[in-house]
Novice: 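Let me begin by handing over the structure; questions about it come next.
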Number of protein chains: 2
Amino acid sequence: MPAQKRLNRDELVATAMSVVDAEGLEAVTVRRVAQRHDVTPMALYRHFDDKDGLLDAVAERILDDVRLPPADDRPWHVQMDDLLTGFLAAMRPHPNATPLLFDRMLTGESGLAVTERTLALLAEAGMSVEEGAEHACKALNFLVTLVLTEPGRDGDTDPAARDEALRAKRARLLTLDPARYPHVVAAAEPLTDCPSAEAYYRRGVESILTGMRGTGASAAV
Amino acid sequence: MPAQKRLNRDELVATAMSVVDAEGLEAVTVRRVAQRHDVTPMALYRHFDDKDGLLDAVAERILDDVRLPPADDRPWHVQMDDLLTGFLAAMRPHPNATPLLFDRMLTGESGLAVTERTLALLAEAGMSVEEGAEHACKALNFLVTLVLTEPGRDGDTDPAARDEALRAKRARLLTLDPARYPHVVAAAEPLTDCPSAEAYYRRGVESILTGMRGTGASAAV
DNA sequence: ACCTGAACACCGTTCAAGT
DNA sequence: ACCTGAACACCGTTCAAGT
């Protein structure tokens with residue numbers, strides 16, 4: 001879309017992001033992003049080391065959007081709830097890009113900031129450094145998974161194609177032998193669709209928080 | 001490695017699996033798998049619809065290895081523990097292939113069998129069909145994530161390169177400003193290494209089970 | 001400093017052809 | 001029935017060159 005003389009790193013990242021959002025991660029191509037800027041593929045290499053550098057920047061842009069709530073006096077798990085919810089809010093507009101985050105929580109400043117905050121709250125909860133590290137990774141990665149696997153999300157963001165793919169998937173489950181897969185057939189609809197994304201994510205956060213508090217010798221407030 | 005006259009579907013899948021295990025998911029290529037069998041790339045299309053069909057078969061082979069424990073009289077969550085542990089055992093030898101499973105739990109017979117069993121136990125726990133479907137997806141996908149993001153696993157399976165990458169990653173965390181990221185720096189080691197994979201997965205399963213039991217109006221036994 | 005052009009070694013997949 | 005060969009439209013990336 002943009003067509004100008006001097007290439008701008010931020011706009012290249014924005015273009016890459018819009019490609020991921022619209023067509024998925026595999027559609028992001030050095031050549032494609034270059035073409036949208038009416039520029040030779042090689043022009044991108046002035047702004048990024050390589051394709052991975054471009055993807056790093058895409059991930060970092062999502063992490064930049066995480067609004068870190070200031071620390072306060074509420075119990076740690078209430079603050080953790082806010083933190084996790086904020087992380088979710090940053091990811092949800094870009095579900096196709098979420099796989100990038102699994103490996104990149106510790107590579108950029110924003111990812112480090114999110115992790116730092118998570119570790120701090122878990123330390124406040126009384127966890128050891130080792131416990132905290134494990135629970136922090138688990139919680140953040142599980143949240144990524146929640147967005148990645150939200151029922152009814154199928155890579156394609158085109159609403160018509162998405163809807164069609166959904167109906168096809170559900171139809172296939174309904175043709176299964178009910179004697180062999182009774183529960184799968186009965187659950188065909190909830191397995192392929194999500195009535196309320198809001199409620200889905202709320203329950204997801206609560207489930208992760210429960211897993212966090214249920215284990216270990218944590219105490220505090 | 002194999003070199004014979006008639007191509008065999010199972011051996012093609014085995015070759016693809018060995019490529020994923022040794023070099024990662026992106027290294028799996030129609031041309032590469034064909035070459036290992038001294039055959040033209042197009043020969044594979046007699047056995048699979050396309051590359052995605054080959055990857056479906058790789059995923060299904062992992063799911064085939066899940067040993068489903070027979071139903072018994074123990075409390076549902078004890079049986080669920082066995083089921084989840086069995087799923088983990090099937091995935092752990094093939095960590096590089098785990099991303100394939102996110103989208104494929106309902107595409108093949110083995111995946112359907114695992115899901116069916118999970119749904120059955122959650123129904124036994126007193127969950128509604130909707131609750132059960134959501135918790136089943138969450139549990140299975142979180143398990144996949146546990147393997148995908150095991151600290152110290154870095155795509156490359158070559159032990160020397162892997163060790164080097166690990167040390168580099170940890171070193172980078174240790175050069176961070178301790179005033180800005182005190183907890184990250186303090187947790188550099190547990191964030192990049194896993195002292196005991198066995199214990200890591202045990203705690204992971206327990207955390208998922210806790211998240212399952214903690215929510216909802218479930219009862220039973 | 002920033003972009004171009006041509007080239008290289010790869011991809012997945014089609015189509016028509018061989019045996 | 002099963003595999004080949006040539007071709008097409010793509011990839012990421014290198015290198016030398018332009019301005």
Side-chain angles (χ1 to χ4, degrees), chain A residues 1-60 96-97 99-100 103-104 107 155-156 161, chain B residues 1-60 96-97 99-100 103-104 107 155-156 161:
Chain A
M1 281 149 191
Q4 42 175 231
K5 311 212 167 168
R6 241 128 190 82
L7 227 43
N8 176 296
R9 192 190 145 103
D10 282 344
E11 294 182 5
L12 290 172
V13 178
T15 300
M17 186 73 87
S18 85
V19 174
V20 200
D21 290 341
E23 307 180 50
L25 211 42
E26 339 68 56
V28 180
T29 270
V30 173
R31 293 177 120 101
R32 214 116 119 56
V33 172
Q35 188 183 333
R36 290 225 196 173
H37 288 264
D38 289 313
V39 117
T40 264
M42 292 320 301
L44 296 217
Y45 286 76
R46 206 52 52 173
H47 302 274
F48 305 97
D49 283 350
D50 51 16
K51 189 187 176 179
D52 213 55
L54 173 60
L55 296 179
D56 285 347
V58 169
E60 193 66 1
N96 292 342
L100 296 173
D103 287 348
R104 291 174 169 88
T107 63
D156 288 299
Chain B
M1 284 152 187
Q4 39 176 232
K5 311 212 165 166
R6 242 131 190 79
L7 228 42
N8 177 295
R9 192 190 145 103
D10 281 345
E11 293 182 5
L12 289 171
V13 178
T15 300
M17 186 74 87
S18 85
V19 174
V20 200
D21 289 342
E23 307 180 50
L25 211 41
E26 339 69 55
V28 179
T29 269
V30 174
R31 293 177 119 100
R32 214 115 119 56
V33 172
Q35 189 183 333
R36 291 226 196 173
H37 288 264
D38 288 314
V39 118
T40 263
M42 291 320 302
L44 296 216
Y45 285 77
R46 205 55 48 174
H47 301 274
F48 306 96
D49 283 351
D50 50 17
K51 188 187 176 179
D52 212 55
L54 173 61
L55 296 180
D56 285 347
V58 169
E60 193 67 1
N96 292 341
L100 296 174
D103 287 348
R104 290 174 170 90
T107 64
D156 289 298

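We name chains A, B, ... by the order of the sequence lines, and we start the count at 1 in each one.
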Novice: Could you tell me how far apart A/F48 (CZ) and C/dC3 (C1') are, to the nearest whole angstrom?
Specialist: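 Those two atoms, CZ and C1', are 15 Å apart.
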
Novice: For the backbone of B/P41 and the side chain of B/R31, can you confirm whether one donor and one acceptor N or O come within less than 3.5 Å of each other?
Specialist: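 Checking the backbone N and O of B/P41 against the side chain of B/R31, no donor-acceptor pair under 3.5 Å is found.
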
Novice: Measuring from atom CG of A/L7 to atom NE2 of A/H37, what distance do you get when rounded to the nearest 0.5 angstrom?
Specialist: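 Rounded to the nearest 0.5 Å, the CG-NE2 separation comes to 6.5 Å.
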
Novice: Under the salt bridge (Lys or Arg N to Asp or Glu O under 4.0 Å) criterion, do A/E11 and A/R36 qualify, and how do the steps go?
Specialist: CA-CA 10 Å; A/E11 294 182 5; A/R36 290 225 196 173; over 6 Å; no

Novice: For residues 51-59 of chain A, which side-chain N or O atoms pair as donor and acceptor with protein atoms under 3.5 Å away, sequence neighbours left out?
Specialist:
unit_1: A/K51; atom_1: NZ; unit_2: A/V28; atom_2: O; d: 3.2
unit_1: A/D52; atom_1: OD1; unit_2: A/R104; atom_2: NH2; d: 3.2
unit_1: A/D56; atom_1: OD1; unit_2: A/R104; atom_2: NE; d: 2.6
unit_1: A/D56; atom_1: OD1; unit_2: A/R104; atom_2: NH2; d: 3.4

Novice: Under 4.5 Å between any side-chain heavy atoms of A/R46 and A/R9, yes or no?
Specialist: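 No, their side chains stay 4.5 Å or more apart.
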
Novice: Please report the shortest heavy-atom distance between A/V30 and A/Y45, naming the atom on each side.
Specialist: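 Distance-wise, the nearest heavy atoms are CG1-CE1, 3.9 Å.
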
Novice: For nucleotides 12-16 of chain C, print each protein N/O atom paired with a nucleotide N/O atom at under 3.5 Å, atom names and distance only.
Specialist:
unit_1: C/dG12; atom_1: OP1; unit_2: B/V30; atom_2: N; d: 3.1
unit_1: C/dG12; atom_1: OP1; unit_2: B/K51; atom_2: NZ; d: 3.4
unit_1: C/dG12; atom_1: OP2; unit_2: B/V30; atom_2: N; d: 3.2
unit_1: C/dG12; atom_1: OP2; unit_2: B/R31; atom_2: N; d: 3.4
unit_1: C/dG12; atom_1: N7; unit_2: B/R31; atom_2: NH1; d: 2.4
unit_1: C/dG12; atom_1: O6; unit_2: B/R31; atom_2: NH1; d: 3.0
unit_1: C/dT13; atom_1: OP2; unit_2: B/Y45; atom_2: OH; d: 2.6
unit_1: C/dT13; atom_1: OP2; unit_2: B/K51; atom_2: N; d: 3.0
unit_1: C/dT13; atom_1: O5'; unit_2: B/Y45; atom_2: OH; d: 3.4

Novice: How close do A/F48 and A/V13 get, heavy atom to heavy atom, and via which atoms?
Specialist: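 The answer is CZ-CG2, 3.8 Å.
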
Novice: Just how far, in rounded Å, is P of C/dC3 from NE2 of A/H37?
Specialist: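 So the two atoms are 11 Å apart, to the nearest Å.
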
Novice: Please report the distance, rounded to the nearest Å, between CD in A/Q35 and C1' in C/dC3.
Specialist: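 One finds 17 Å between C1' of C/dC3 and CD of A/Q35, rounded.
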
Novice: Whether A/H47 contacts C/dC3 is assessed here as follows: a side-chain N or O lying under 4.0 Å from the phosphate OP1 or OP2. Is that the case?
Specialist: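 The answer is yes; a side-chain N or O of A/H47 sits under 4.0 Å from OP1 or OP2.
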
Novice: Between B/N96 and B/V20, is there a donor-acceptor pair closer than 3.5 Å when you use the side chain of the first and the backbone of the second?
Specialist: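 Checking the backbone N and O of B/V20 against the side chain of B/N96, a donor-acceptor pair under 3.5 Å is found.
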
Novice: For DNA chain C, what are the stems built from at least three Watson-Crick or G-U pairs in a row, each pair having both distances below 3.5 Å?
Specialist: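 Stems found: C:4-8 with D:12-16, C:12-16 with D:4-8.
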
Novice: I need the CD-P distance between A/E26 and C/dC11, as an integer number of Å.
Specialist: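 Between P of C/dC11 and CD of A/E26: 18 Å.
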
